[in-house]
Amino acid sequence: MTTAVINPVTTEQIAEVGSASLEETDAAIDRAQEAFPGWRDVAPGERARMLRAFAAVIDEHIEELARLEVANAGHTIGNARWEAGNVRDCLNYYSAAPERLFGRQIPVPGGVDITFHEPLGVVGIIVPWNFPMPIAGWGFAPALAAGNTVVLKPAEITPLTAIRIGELALEAGLPEGVLTVVPGKGSVVGQRFVTHPSVRKVCFTGSTEVGKQIMAGCAEQVKRVTLELGGKSANIVFADADVAAAAASAPYAVFDNAGQDCCARSRILVERSAYDEFVSGLEQSVRALKVIDPGQDDSEMGPMVSAAQRDSVQRYIDGADVAFTGSRPDGDGFWLPPTVVESRSTSEAVWREEVFGPVVAVMPFDSEEEAISLANDTEYGLSGSIFTNDLGRALRVARGVESGNLSVNSHSAVRYWTPFGGYKQSGLGRELGPDAPNAFTEEKNVFIAH
Ligand code: NAD
């Protein structure tokens, strides 16, 4: 069986990719299992060197990978270059881990107690379509560094960069079976990662709905699982902030990647006394957003990834009270304009649900307590921003918002050297940051009697 890969700008087919069957998935897992002892036993310094060699080969192919992502997912070329560079940077960062996978020596009477961090075995990584390259790298770089082998399933509609990265791994000298890309259906390949006993951990990024099924499936084997799921993050703007700067930057915090971003600040809460000033600044910045061919260097927003995603987002727009929109090009392509809705009630679908497209809902608030309570009035808790010039308030609100990744007076992107993950139904566990390799190990305790 094959899947047609569509360019979301031209709507034309650009590739046809084979979907792995259950037997092919099992064969890939078996090869990863066979490759595991050899990879685990590579000397730490040598494993580090191999990961740096992999990073170097990615670096030589940044432009090729970026162009592939523009064609497959409609990402702007600027973003796509950053994304390919992020894979390289993750590999370089975690290439320092093999020689630093420290255990501890713990004082005990009658002997010596030491701990070891041992790799799990085969790790299965399931990737969504919105950030095919970074999300793959956030899983495989620390997993490989800790001595695991990896099978990786890209999303059905965006497999091209992952397949290429798998080829580049071999070109860089990683042994066969250490990193295997298995394109195919979630219900076949992804599901098999959950049920196959040789896969010892599943890293899933995707919708909360599928994440719950993955978690339930992993429970059967008490399989380790990391979940990175949906979001409905708030951008909270206080009247004491630089309101003009907050309005100028807000579109980039939600319309980046055409809003198909789990960290999108898709709810904006504005203190009532600054509301009109903010909304008028927002209108200017939204209208100025360059929604053009994503292959052009100055493009700031491309199309939706697919016709299905465009239609799903359009349904939210149709049901909402639209205040204003930005532009969108004429012609083919799964385009939507950046869209701003003024929400009157927290029960509106556009306020509550993860739209996963270029739609933002704005609402006024009257007090710090109300802002925190509105921000937390969601099942999600992934990201968010706080704009204020009052340091005490910045810290109080940052501590008050139930969310894994917050930024003050900025909309910081995910950094590979700081932890990333969600509160509540936005996920389970953390990726990235200095501790990520440990999440791909078991801690073993050994007591040696004197
Ligand atoms: P999705 O859940 O439909 O699919 C994600 C991946 O899971 C795909 O590779 C898919 O093939 C696979 N899959 C589907 N059903 C499966 C099953 N039964 N068993 C195993 N695998 C299965 O999500 P999507 O539409 O591709 O991505 C959008 C969602 O991802 C959004 O909700 C978004 O918020 C979320 N997301 C979260 C993060 C994060 O880090 N928290 C990052 C990016 C995207």
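All values below come from the heavy atoms of this structure, side chains included, with hydrogens, waters and symmetry mates left out. Note that ligands are numbered from 1 as they come in the structure, with each ligand's atoms numbered from 1 the same way.
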When you look at Phe131 and Trp138, which way does the ring-ring contact (aromatic ring centres under 6.0 Å, His included) test go after all the steps?
-> CA-CA 11 Å; Phe131 286 113; Trp138 300 352; 7.7 Å; no
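- Residue contacts with ligand 1 for Phe356 involve side-chain atoms from C-beta outward but no N, CA, C or O (heavy atoms, distance under 4.0 Å).
- Electrostatic pairing of Arg40 and Glu118 does not count as a salt bridge here, judged by no charged N lying under 4.0 Å from a carboxylate O.
- Of the candidates Ser299, Pro303, Ser327, Ser327 is the only one forming a side chain to side chain contact (heavy atoms under 4.5 Å, CB included) with Val291.
- For a threshold of 3.5 Å applied to N or O pairs, the pair formed by Phe204 and ligand 1 contains no separation below that value.
- Between Arg164 and Glu64 there is a salt bridge, with a side-chain nitrogen of the basic residue lying less than 4.0 Å from a carboxylate oxygen of the acidic one.
- Within ligand 1, the atoms closer than 4.0 Å to a non-hydrogen atom of Val127 are 6 (C), 8 (C), 9 (O), numbered from 1 in the order shown.
- Less than 4.0 angstrom separates some heavy atom of Leu382 from each of these atoms of ligand 1: 41 (N).
- Taking every heavy atom of Asn130 and a limit of under 4.0 angstrom, the matching atoms of ligand 1 come to 43 (C), 44 (C).
- Scanning all protein heavy atoms for the shortest distance to atom 37 (C) of ligand 1 gives Leu229 O, 2.8 Å.
- Judged by the 6.0 Å and 45° rule, Lys201 forms a cation-pi pair with Phe440.
- Cation-pi geometry between Arg393 and Phe238 is satisfied (NZ or CZ under 6.0 Å from the ring centre, within 45° of the ring normal).
- For the side-chain hydrogen bond (donor to acceptor under 3.5 Å, both in side chains) condition, the pairs that include at least one residue of residues 178-193, sequence neighbours left out, are Asp26-Arg192, Arg192-Thr195.
- Within a 4.0 Å radius of atom 4 (O) of ligand 1, the protein contributes no non-hydrogen atoms.
- Within the listing of ligand 1, atoms 40 (O) sit less than 4.0 angstrom from a heavy atom of Phe420.
- Considering only heavy atoms from C-beta on, Val150 comes within 4.5 Å of Leu144 through its side chain.
- Ranking protein heavy atoms by distance to atom 27 (O) of ligand 1, first place goes to Pro128 CB, 3.4 Å.
- The nearest heavy-atom contact from the protein to atom 35 (C) of ligand 1 is Gly206 O, 3.1 Å.
- Salt-bridge formation is detected for the pair Glu156/Lys153: a Lys NZ or Arg NE/NH1/NH2 atom is positioned less than 4.0 Å from an Asp or Glu carboxylate oxygen.
- Ligand-side atoms of ligand 1 in range of Ile214: 19 (N), 20 (C), 21 (N), range being under 4.0 angstrom from any heavy atom.
- Of all protein heavy atoms, the one lying nearest to atom 12 (C) of ligand 1 is Ile126 CG2, 3.6 Å.
- Using a 4.0 Å cut-off between charged side-chain N and carboxylate O, Arg31 and Glu34 make no salt bridge.
- Set against the non-hydrogen atoms of Glu354, the atoms of ligand 1 under 4.0 Å away are 31 (C), 32 (O), 33 (C), 34 (O).
- Residue-ligand proximity, Ile135 to ligand 1, at heavy-atom distances under 4.0 Å covers atoms 42 (C), 43 (C).
- Among Phe193, Trp129, Trp138, the residue whose heavy atom sits closest to atom 25 (O) of ligand 1 is Trp129.
- Checking only distances, Cys262 never comes within under 3.5 Å of ligand 1, N or O to N or O.
- At under 3.5 Å, a nitrogen or oxygen of Lys153, whether backbone or side chain, sits near a nitrogen or oxygen of ligand 1.
- Near Gln213, meaning under 4.0 Å from one of its heavy atoms, ligand 1 places the atoms 18 (N).
- Looking at Glu156 against ligand 1, only its side chain comes within 4.0 Å, counting heavy atoms.
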Decide salt bridge (charged side-chain N to carboxylate O under 4.0 Å, His left out) for Glu348 and Arg352; before the verdict, give the C-alpha distance in whole Å, the side-chain angles of both, and the deciding distance to 0.1 Å.
-> CA-CA 6 Å; Glu348 289 171 17; Arg352 299 217 73 79; over 6 Å; no
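- At least one cation-pi condition fails for Arg310 and Trp335: the charged atom is not both under 6.0 angstrom from the six-membered ring centre and inside a 45 degree cone around its axis.
- Nearest to atom 13 (N) of ligand 1 among the protein's heavy atoms is Gly186 CA, 3.4 Å.
- Distances from atom 1 (P) of ligand 1 to the heavy atoms of Ser207, Ala155, Ala308, Pro183 show the closest one on Ser207.
- Take Ser249 and apply the side chain to side chain donor-acceptor pair (under 3.5 Å) test, not counting sequence neighbours, and it matches His411.
- With distances taken over non-hydrogen atoms, the option nearest atom 15 (N) of ligand 1 out of Val210, Leu432, Asp261 is Val210.
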With salt bridge (charged side-chain N to carboxylate O under 4.0 Å, His left out) as the test, would you mind laying out the steps for Asp59 and Arg52 before giving the verdict?
-> CA-CA 10 Å; Asp59 191 53; Arg52 285 193 288 272; over 6 Å; no
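- Contacts between Gln260 and ligand 1 below 4.0 angstrom, taking non-hydrogen atoms only, are absent altogether.
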